[in-house]
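Read through the structure below, which is laid out as structure tokens, and then see the notes.
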Amino acid sequence: MSHPLLTSVASLQITPQHDNKTALVFIEGDHETRYTFGELRAQVRRCGHALRAAGIQRGQLVVLVIPHRLELVYHFWGALHIGAVPSIFPFLSDKLNPERYFDSVRRLVQHSGVRAVITTRDFEGALQTTLTGIDVLLLTLEQFAGANAAPENGDTPLADAHDLAFLQHSSGSTGLQKGVMLAHGAVLRQLTSYAQAIQLDNDDVIVSWLPLYHDMGLIAGFILPLLAGVKLVLMSPFQWVRDPKILLRAIQRHRGTLCWLPNFAYNFLATRIRDKDLDGLDLSSMRAFINCSEPVYAESHRLFAERYAAYGLRADALQTCYAMAENVFAVTQSAFGTAPKIDIVDRRALMDEQRALPASGAAPALTLVSNGAPIAGCRVRIVDMQRQDLPERHVGEIAIHSASLMDGYYRRPEESAAVMSDGWYFTGDMGYLAAGELYITGRKKDLIIVGGKNIYPQDIENLLNDISGLHPGRASAFGVPNAQLGTEDIAIVAEVDASALDDDDRRAAIQREIRARVAQNTDMIARYVHLVSAKWLIKTSSGKIARSANRDKFLQEVLNADETPNASLL
Amino acid sequence: MKEQLREYIKKHMIKDARYPLKDDESLIKGGLVDSFSLVELALFIEEQFGAHFDDPELTKDNMDTLNLIVANIEAKL
């Protein structure tokens, strides 16, 4: 993909020769809606025109609180089209508490000075109440439904390379919302480099179930294909979760070639589909399934390859990528045409000396999968706590320098300064370089990643303080590996009154409250809720709860898992 | 049937054999079971009881409590 004249992401595949090509196939239930680039552009222009008529101007923030539907696509691009700055808000799910959900919209609107919130009629009433007294436009899709086609003139994209294109909210966390600021130029440079790394071609077909508020869904599963003139087949994450085979069937029907998945999806697809639902399946069109956005397990690839080899999956089709919203998307990508390298390292040296030494003999070993080399325009360093360079095969923090780096976190100068310095972004992820390729070993921060979603443990712990019977501030949340699911589970250990431990009803009532709060506030489930007596939790010398020490204690005492595979990776 | 389901959910999803899971306790809103686990649960139900749930049926409305799940299984047998 090469667009030397493109300066704006809004220039949705402008070359007229694409007008009759299928841009997007949108799957809803059993229906498929198909749009050509010409039709899609007309919809985008119509929405852009309507947004402008509603009073939205260039540079203003527009938050989209819209379920996974076609209108989300149009309005995101419609906002870009008029030079406004869209941001897609996570969807409301069955688990989330609606009141808290709408409250998080309010906090974002207030913090970021959002000009307009676009939503559906279903949410209008609740949002109106939540946003009372705040100077923001509340618009519904329904009121735009009858908007006229845009006039033919005025189609020149309004933004240029340095302008902010969109905000990507990096986590569904209940804590502070960090809006990653991405300029048009940064996005375009990322797409150009990444398209080259994956040898993207006009004949490719990208198939995605990923949510559009997540960087992988937004960039790889949405903006990349539509801007590169590549056909995109998109389905709802909610539908996919209930019915995972629809992804594979869509690949077969549309001769899909590329698909991005978080690691857990390999286990899910390998183990949660009935044999009879795979009759006649053909995956031979696939150039790559790209594993991205949570730690890659070699075992997950093995399970997936074993299940689908009989259905035409190529042995070299399982690829890996290291990506983050702060770099628009990809930092590294494994080389197509061959399986990613596997590095088997000495477990003790990795844990005790932070060195990745090739394992020898019978010493306990860990298997790591390479994330490949940096893509064009990206450089990677591994640094120590003082941000000094470390040699090859030494584990340290991963820092990146890139042509597609964010401008910072929106209206968060302190948080931005803490992670950016001299053009380098310090990721908080830990890893090492070997023969020019990057391996991820863990995280500097106690972040939990479940199914590709990031959760900050303090956000979970803060939810629990006022639960009756639970000692305030005496709860610790962390991630523990679940090899069967290929991702992490959330575990919570909380100190409670001794009397509650012996009383099954009280014990259950506390667990019930913990689980409900976690689900309703974070849309995640707490798999383990382990109640203990006072003094179980280990504290640091400064009196803070030591999460990683408590996680180790939990793994050993409760899960009896001192030899858990990948324990040091998590 | 209900007891088998209760034990399965306790063992594989809540990971707590002592937990007194109630018949009408909300599994999804209560944060005990997520969408991924529902798919797993449906496969277990099919193996154990021979009741097939089409994937689109795996919603909160059909699967949120032990009582609901059992009623839906019985309706299929």
Side-chain angles (χ1 to χ4, degrees), chain A residues 29-30 93-97 237-246 264-265 267-269 271-274 276-277 450-451 480 482 484-487 489-492 501 504-509 511-531 558-559, chain B residues 2-3 5-69 72-73 76:
Chain A
D30 295 332
S93 75
D94 279 348
K95 284 201 292 293
L96 281 171
N97 175 323
F238 293 113
Q239 195 186 345
W240 177 77
V241 159
R242 289 202 301 264
D243 194 359
K245 67 177 180 291
I246 62 171
F264 83 92
N267 294 56
F268 194 58
L269 287 162
T271 59
R272 298 285 179 266
I273 301 183
R274 300 164 180 91
K276 65 173 161 44
D277 287 335
V450 180
V480 296
N482 182 330
Q484 195 200 343
L485 299 182
T487 188
D489 280 332
I490 297 174
I492 296 169
L501 278 181
D504 275 357
D505 287 342
R506 280 194 63 198
R507 184 175 169 276
Q511 289 176 313
R512 201 166 277 137
E513 182 64 23
I514 291 175
R515 284 202 162 92
R517 286 196 190 186
V518 172
Q520 290 168 22
N521 286 281
T522 70
D523 201 23
M524 295 281 160
I525 62 163
R527 176 81 65 193
Y528 298 93
V529 178
H530 188 60
L531 303 185
V558 184
L559 301 187
Chain B
K2 196 181 275 177
E3 291 321 306
L5 280 168
R6 195 189 322 270
E7 289 313 307
Y8 185 84
I9 291 170
K10 279 162 64 168
K11 182 166 176 211
H12 294 278
M13 286 153 196
I14 312 176
K15 308 267 188 190
D16 184 352
R18 261 181 80 188
Y19 187 77
L21 179 63
K22 294 193 232 170
D23 290 356
D24 60 351
E25 182 161 355
S26 169
L27 299 172
I28 295 165
K29 262 206 142 63
L32 298 166
V33 167
D34 61 12
S35 319
F36 301 108
S37 309
L38 278 186
V39 175
E40 187 184 333
L41 191 61
L43 294 179
F44 172 76
I45 290 170
E46 190 166 321
E47 263 170 37
Q48 287 294 311
F49 313 118
H52 173 80
F53 280 81
D54 275 336
D55 298 300
E57 292 179 277
L58 302 177
T59 61
K60 179 168 71 95
D61 294 340
N62 291 328
M63 310 289 283
D64 200 33
T65 65
L66 275 174
N67 281 340
L68 262 175
I69 297 172
N72 279 304
I73 295 174
K76 286 173 184 290

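Because the structure is predicted, anything quoted here is derived from the model rather than measured. Labels below follow one simple rule: chain letters A, B, ... track the order of the sequence lines, proteins then strands, and each chain is numbered from 1. Below, each value reflects all heavy atoms present in this structure, side chains not excepted, and no hydrogens, waters or symmetry copies.
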Please flag which part of [X] lies under 4.5 Å from any non-hydrogen atom of chain B: side chain, backbone, both or neither.
{"X": "A:Arg517", "answer": "neither"}
{"X": "A:Phe264", "answer": "side chain"}
{"X": "A:Thr271", "answer": "backbone"}
{"X": "A:Val241", "answer": "both"}

If we define contacts as heavy-atom pairs under 4.5 Å, which of [options] has the most with chain B?
{"options": "A:His530, A:Gln511, A:Arg507, A:Gln484", "value": "A:Arg507"}
{"options": "A:Pro244, A:Ala508, A:Gly29, A:Ser93", "value": "A:Ala508"}
{"options": "A:Gln520, A:Arg527, A:Lys95, A:Glu513", "value": "A:Arg527"}

- Contact part of B:Asp16 toward chain A, heavy-atom cut-off under 4.5 Å: side chain, backbone, both or neither?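 Side chain of B:Asp16 only, per the 4.5 Å heavy-atom cut-off to chain A.
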
- Message: Under 4.5 Å from any heavy atom of chain A, what part of B:Ser37 do you find: side chain, backbone, both or neither?
- Response: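 Interface part for B:Ser37: side chain.
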
- Item | Close side-chain approach of B:Ile14 to A:Val529, heavy-atom, < 4.5 Å |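 Contact flag for B:Ile14/A:Val529 side chains = no.
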
- Taking C-beta and beyond as the side chain, do B:Ile69 and B:Leu41 meet within less than 4.5 Å on heavy atoms?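 A side-chain contact exists here, since the closest heavy-atom pair is under 4.5 Å.
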
- Item | For chain A, the option from B:Lys29, B:Arg18, B:Glu57 that forms the most heavy-atom pairs under 4.5 Å |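 Going by pairs under 4.5 Å, I would pick B:Arg18.
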
- What residue in B:Leu21, B:Leu38, B:Ile28 has the most heavy-atom pairs under 4.5 Å with chain A?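 Among the listed options, the one with the most contacts to chain A is B:Ile28.
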
- Which residues satisfy the side-chain contact (heavy atoms from CB on, under 4.5 Å) test with B:Asn67, sequence neighbours excluded?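 Per chain and number, B:Asn67 pairs via side-chain contact (heavy atoms from CB on, under 4.5 Å) with B:Lys2, B:Asp23, B:Asp24, B:Thr65.
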
- Those residues that, when tested against B:His52, pass side-chain contact (heavy atoms from CB on, under 4.5 Å) (two or more places apart):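 B:His52 satisfies side-chain contact (heavy atoms from CB on, under 4.5 Å) with A:Arg274, A:Lys276, B:Glu46, B:Asp54 once adjacent residues are dropped.
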
- Query: Where is the tightest heavy-atom contact between A:Ala491 and A:Val480, given as atom of each residue plus distance?
  - Reply: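 Here A:Ala491 and A:Val480 meet closest at CB-CG1, 4.2 Å.
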
- Query: Shortest non-hydrogen contact from A:Arg242 to B:Val39?
  - Reply: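 Smallest interatomic distance, heavy atoms only, reads O-CG2, 3.8 Å.
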
- Item | Ion pair check, A:Lys245 and B:Asp55, cut-off under 4.0 Å |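 Yes, charged N to carboxylate O under 4.0 Å.
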
- Message: Using a 3.5 Å distance criterion without hydrogens, assess whether the side chain of B:Lys10 forms a donor-acceptor pair with backbone atoms of B:Tyr19.
- Response: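 Checked: pair present.
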
